Amino acid sequence: MESLDLPLLTSMLENDQIKRLLNAIALNNDQAAYKELFLLLHSRLKQFAYSILKSGEEAEELVSDLFIRIWEKRNQLTAIESPLLYFYATAKNLAFNRISKLKRQQTLAPEEWLVQLNSIYFDPEQLMMTEEMMRQIRQAVNDLPPRCRIIFKLVKEDGLKYREVAELLQLSVKTVEAQMAIALRRIGKGMHLDIKTATQTQQTPKNS
Amino acid sequence: MSQEKFWVLLSKKLSGEAGAEELKQLESLILAHPEWQYAIQNLEDLWKNSLQKDSLQEEDAFMLHLHRMTELNIPFEDEPAEIPAIPVSKARKKRWYWAAAAAIVIVAAGNLFVFGKSLWNHDKSAESLAGKEVNEISTRPGSKSKIQLPDGSIVMLNSGSKLIYNKDYGIDNREVTLVGEGFFDVKKNKEKPFIINTANINIKVLGTVFNVKAYPEDKKTETSLIRGSIEVTIKNRPNDKIILSPSEKLVVENGLVPDKKVRQKNDGELVAAPAGLNTLIAINKLKYSPVDSSVAETLWIENKLVFRDESFEELAMRMQRWYDVSISITDEKLAEKRLTGIFERETIEQALEALKISIPFHYEKNGSKIIIHQ
């Protein structure tokens, strides 16, 4: 609850913002807070669920289920430590439950997830780039290996911390760190940022 | 320094994971390679650039979700919402929780002030206000006042306003009555909600800082929320609660209007009340100034009379209170002219001269009486 005493004018960290909303729902039955929380997380969670379920309809229903759970268990909400991770972990569990019901398959390795990246968004007014460069960057993003992709998405688009991604995907923080570096290097290549020639090292990059 | 290390550091910086030591390492590395600057800048821009969410689509998803909850018989609301797109609920027992998030509320309450006849269904509050000893603080037109309430809450009272609270304020309730306009900084208290009664609406504040404006002569009651959350009850619809989201402004037409035609210019969503209760309600988005992201509705605290696309008639009403003068506009077309601007240190004469530049008119000033004509 100490997050509630933060200076009002500083921009609240997302986890704090979510905590504040959860508290309002838990203690006040605050419907406006419930709606705000839904609007804040819906599309990301839906995309996350989609990556596992590979069906938009199923993903939509899953997010709705998740929020029903939030409303029904609202008096327990104040105890959540890492709210953003809680949402993703719950979404993951719900998705795996759905899969195991449908296909008698227990889980799905991140390599099999279908991750859509949507934040590589170019605003030509703001980015000083040539068409060719943008094409190369898009290509680089599209070609990211599956595990790298999901990690990149969770960090960049969903705002999870390395530690939270590691816990969610059951990886080490070091692995998350390495995968993020790989993603960045591939995108950087599209921008002609080639550290190999720049640093004059002859070392070949290790990818694993 | 291996290139792997560089990418690890850069991605940690972009994700907000890098510590001070790592940032320093990265910086010196970049400094040594000015030729990377361009690409690194592009990567940083790319990182920050993200596609805006389609908020309409999100709203739709929420509606579908609520619909699904109803179908699955999960209680969320006691009765269906009467006003679409506004969460409306019946009064229920709530433990009021005072989030530290600031709520700034402006209310311009109007017309008839029915004191003590509150329909506010919060137990004994109405009778206690009417029956017990009360404190009443008022400000004359042209002056402002700062009040500290017994619980430490602060109220700034604008010109020509009145704040009433009973002597046992803070003991078993925190309820005030407002005529005019005020800026409230309310101390957190989970047990005792802060309630403002005005002639046409009641407000329950779910935050700690808010601004209230309420004038009897105005045509509409306005409630603007900057941050946090507030709950508004309109007196002739006591069963509905309207919960405002940040940056929303609720406009309620005072008194009964003869038809459902909207009289004032209104670019927001307009929701008419159900038949029989023809109170006009509109929820608009607040407009932030692109320069300093201020909202016109709260700038009076900084001694600024701000008007953005207001009719001369409305502005004249405010200038009367601001300068303690009386203004009458004899020409209807003039009264309807729309004006935008700020008065800060101007005298009434300077203000009128400034207005004459945008809409030509003549005026006669006789003491504190001003007559405006073509």
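Predicted, not measured: the structure shown is a model, and the values here were computed from it. Chain letters run A, B, ... following the sequence lines, proteins first and then strands; every chain starts at 1. Just so you know, these numbers use all the heavy atoms, side chains as well, and skip hydrogens, waters and symmetry mates.
- In this structure, chain B has a heavy atom under 4.5 Å from the side chain of Glu72(A), while its backbone stays farther away.
- Qualifying side-chain hydrogen bond (donor to acceptor under 3.5 Å, both in side chains) partners for Gln76(A), counting only residues two or more places apart in sequence or in other chains: none.
- His65(B) and Glu60(A) share no side-chain donor-acceptor pair at under 3.5 Å.
- By the 4.0 Å N-to-carboxylate-O rule, Glu157(A) lies too far from Arg44(A) to be salt-bridged with it.
- In summary, of the residues considered (Glu44(B), Glu27(B), Glu22(B)), a salt bridge (Lys or Arg N to Asp or Glu O under 4.0 Å) with Lys13(B) occurs for Glu44(B) alone.
- Between chain A and the options Ala32(B), Ser11(B), Ser15(B), the largest number of non-hydrogen pairs under 4.5 Å is found for Ser11(B).
- Leu14(B) touches chain A through its side chain: at least one heavy atom from C-beta onward sits under 4.5 Å away, while N, CA, C and O do not.
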